[in-house]
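Only a predicted model underlies this, so the values are computations on that prediction, with no experimental measurement involved. Below, read A as the first sequence line, B as the second, and so on, with proteins coming before strands; counting in each chain starts at 1.
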2 protein chains.
Amino acid sequence: MTSLRVRQKAGRRRDILAAAGELFRRDGFDRTSIEGIAERAAVAPGTVYNYFRSKGDLLLALVALDGEEIRADGKRLIARPPADPVAAVNRLLEGYVDHALVYLDKRLWRNIMATALTQAATPFGQGYAELDGKLARQVADLLAALQDRGRLPTTLRCDDAGQILFAVCNTHFMTFVAQDDMPLAAMKEAMFRHIRMVFEGLIAPAGTATPERKRPQADERREPLAT
Amino acid sequence: MTSLRVRQKAGRRRDILAAAGELFRRDGFDRTSIEGIAERAAVAPGTVYNYFRSKGDLLLALVALDGEEIRADGKRLIARPPADPVAAVNRLLEGYVDHALVYLDKRLWRNIMATALTQAATPFGQGYAELDGKLARQVADLLAALQDRGRLPTTLRCDDAGQILFAVCNTHFMTFVAQDDMPLAAMKEAMFRHIRMVFEGLIAPAGTATPERKRPQADERREPLAT
DNA sequence: CTTCAAAAATGGGTCAATTCATTTTTTGAA
DNA sequence: TTCAAAAAATGAATTGACCCATTTTTGAAG
């Protein structure tokens, strides 16, 4: 039976990844050495490379773990979405941002994004790009759900709209991460403002936009209070 | 007079930067060594570090040169903008993309963006972030010009709108750059489509502003599996 | 023309990621 | 149990970015 071998191998992989995660989070990416990771995982430095292509690969592998979690949260929201589209999208995208920052800080996110770009051709690099694609598609799914309930025009191209809204979120997140002194609240405020504008359109005069009822969305996260 | 000294120093800086640019473009960022740059610039390796903090610094310094050029092109467009806002923004943003690719290819752009993220705290890293900000502001300037001519509602927040539209452009550019096999034309097509949608808004009734759009196709991509 | 302090250049040293030839361990079969 | 092939682990060697103590060059005052 190969299962023992497979289990041991998987275990070692997990050990190395766990060690890397602890050190990356504690000391940062640059100040963590492969040798340190190997030591903590009780293997030789060379062994790390039997499981991961590079130091950056380790980092992206860590992020890939969280990716599933993020999408699960989103799926739950889509199952029972807020009636107002703006509020629903705000909530979904805010969830992405919050979740991203639970385990990984700004500094690490800079390294993650940088690595994802330089390693775009490697499996984990592609995986990262795909995660972005999946999240954009999840936004699209949310829009489609709202569309089904008559909260959005049937003519709306949900795919494209999802990409646009996710792009807004992603850009804000990147700007936030790049600037050590930008507070999360400020970033969210700008993001919510832009999400609203995308829904209403740049051409439409401000008041006209809401299609069905002129009901001024009450339950909006209009004033998200200081966090 | 110190001008001779200053001139020589500036000259050496230029030489090093020029050498770096040639080698980066010819061999790529990773395959170019500081030693190679030093040799081509006829200086010792250590001297490079008297002018630039790191290899990445050299790369960002190169991009900073082009930044001015890009904005000059945009300024010309703003002086005599197309009457239609969508066409005007399309033109401006397409200009950004085209200009970015004149001297630097996808592979190098991946390194540029990655370096800008990891070196966000250094002067050139901040300079790169500021360039993004300036370009977004230029989009805003274009919108303001159109607003002055009555082509856009006076209620439009041009600043925010500029950021949104630039975010759309930037995200597409990043996706394009990350995927070696994505053709420029495909990226532009998607970008133009999204720019139009941002102008029209996601909740606007479709008939209002979309004259020639095909019916949305049946969902070709459904959520793959319940994970 | 000297001299000297500041500026610049130098290149050998350090450190860490990555590679790879070699050794050790595991597996399934005899 | 024993054995040979395959898989995995190993750690020393390679490589290249970056640092820094030292040397060289510069500018202008005497």
Side-chain angles (χ1 to χ4, degrees), chain A residues 1-17 19-20 23-24 26-62 111-112 114-115 118-119 121-125, chain B residues 1-17 19-20 23-24 26-62 108 111-112 114-116 118-119 121-125:
Chain A
M1 63 159 94
T2 56
S3 62
L4 173 61
R5 186 183 197 151
V6 167
R7 231 178 305 131
Q8 285 184 337
K9 175 160 180 172
R12 200 151 306 211
R13 198 192 127 92
R14 250 200 325 278
D15 291 346
I16 293 170
L17 197 52
L23 293 181
F24 286 160
R26 196 189 71 189
D27 303 332
F29 184 72
D30 294 328
R31 306 191 75 77
T32 298
S33 69
I34 292 288
E35 191 179 338
I37 293 169
E39 190 181 353
R40 178 172 274 244
V43 298
T47 302
V48 174
Y49 288 92
N50 288 337
Y51 294 88
F52 300 94
R53 296 189 176 196
S54 68
K55 198 175 152 187
D57 219 37
L58 276 163
L59 188 59
L60 296 186
L62 278 173
N111 290 120
I112 290 164
T115 305
T118 51
Q119 319 268 333
T122 71
F124 276 118
Chain B
M1 64 161 83
T2 57
S3 64
L4 172 61
R5 189 177 193 156
V6 168
R7 231 179 304 131
Q8 284 183 337
K9 175 160 180 172
R12 202 152 306 214
R13 198 192 128 91
R14 248 200 327 279
D15 291 347
I16 293 171
L17 197 52
L23 292 180
F24 286 159
R26 195 188 72 188
D27 303 332
F29 183 72
D30 294 328
R31 297 189 154 296
T32 298
S33 69
I34 292 287
E35 190 180 337
I37 293 169
E39 190 182 353
R40 178 173 277 245
V43 297
T47 301
V48 174
Y49 289 92
N50 289 337
Y51 295 90
F52 300 94
R53 295 188 177 196
S54 68
K55 198 175 152 184
D57 219 37
L58 275 163
L59 188 58
L60 296 185
L62 278 173
L108 231 31
N111 291 118
I112 290 164
T115 305
T118 51
Q119 320 266 333
T122 71
F124 276 118

To the nearest angstrom, how far is [X] atom [atom1] from [N] atom [atom2]?
X     : N      : atom1 : atom2 : value
B:F52 : C:dA8  : CZ    : P     : 14 Å
B:I34 : C:dG12 : CD1   : P     : 17 Å
A:R31 : C:dC15 : CZ    : P     : 13 Å
B:Y49 : C:dG13 : OH    : P     : 17 Å
A:F29 : C:dA16 : CZ    : P     : 14 Å
B:D15 : C:dA8  : CG    : C1'   : 15 Å
A:L23 : C:dA16 : CG    : C1'   : 15 Å
B:I16 : D:dC18 : CD1   : C1'   : 15 Å

(Q) Any heavy-atom pair between the side chains of B:L17 and B:F52 that's under 4.5 Å? (A)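 Counting from C-beta outward, B:F52 and B:L17 do come under 4.5 Å.
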
Q: Check whether any side-chain heavy atom of B:L62 lies under 4.5 Å from a side-chain heavy atom of B:L108, and answer yes or no.
A: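 When only atoms from C-beta onward are counted, B:L108 and B:L62 do not touch, as no gap falls below 4.5 Å.
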
Q. Looking across every strand, which nucleic acid part, if any, lies under 4.0 Å from B:S33 by heavy atom: base, sugar-phosphate, or nothing?
A.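 Sugar-phosphate, backbone atoms only, no base.
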
(Q) Using OP1 and OP2 only, check whether a side-chain N or O of B:Y51 sits under 4.0 Å from C:dA9. (A)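 Yes, within the criterion.
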
(Q) Below the 4.0 Å mark, does C:dA9 have OP1 or OP2 next to a side-chain nitrogen or oxygen of B:R12? (A)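 Checking C:dA9 against B:R12, a side-chain N or O does come within under 4.0 Å of OP1 or OP2.
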
To the nearest 0.5 Å, how far apart are [atom1] in [X] and [atom2] in [Y]?
X      : Y     : atom1 : atom2 : value
A:I34  : A:T47 : CD1   : OG1   : 11.5 Å
B:Y49  : B:D57 : OH    : CG    : 10.0 Å
A:T115 : A:F29 : OG1   : CZ    : 4.5 Å

Q) Between B:K55 and B:D30, what is the shortest heavy-atom contact and its length? A)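 Heavy atoms of B:K55 and B:D30 come nearest at NZ-O, 3.8 Å.
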
(Q) I need the minimum non-hydrogen distance between A:T118 and B:A114, along with the two atoms involved. (A)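 Between these two residues, the closest heavy atoms are CG2-CB, 3.5 Å.
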
Q. Among D:dT10, C:dT10, C:dG11, which nucleotide sits nearest the side chain of A:A44?
A.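 My answer, after comparing the listed nucleotides, is D:dT10.
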
Q. The side chain of B:T47 lies closest to which of these nucleotides: C:dT10, D:dG11, D:dC18?
A.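 Closest nucleotide among those given: C:dT10.
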
Q: Can you run through DNA chain C from 5' to 3' and write each base as (, ), [, ], | or . depending on how it pairs? Watson-Crick or G-U wobble, both distances under 3.5 Å.
A: ||||||||||||||||||||||||||||||

Q) Does B:N50 make a side-chain donor-acceptor contact with the base of C:dA8, cut-off 3.5 Å? A)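 For B:N50, whose side chain was compared with the base of C:dA8, there is no donor-acceptor pair (under 3.5 Å).
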
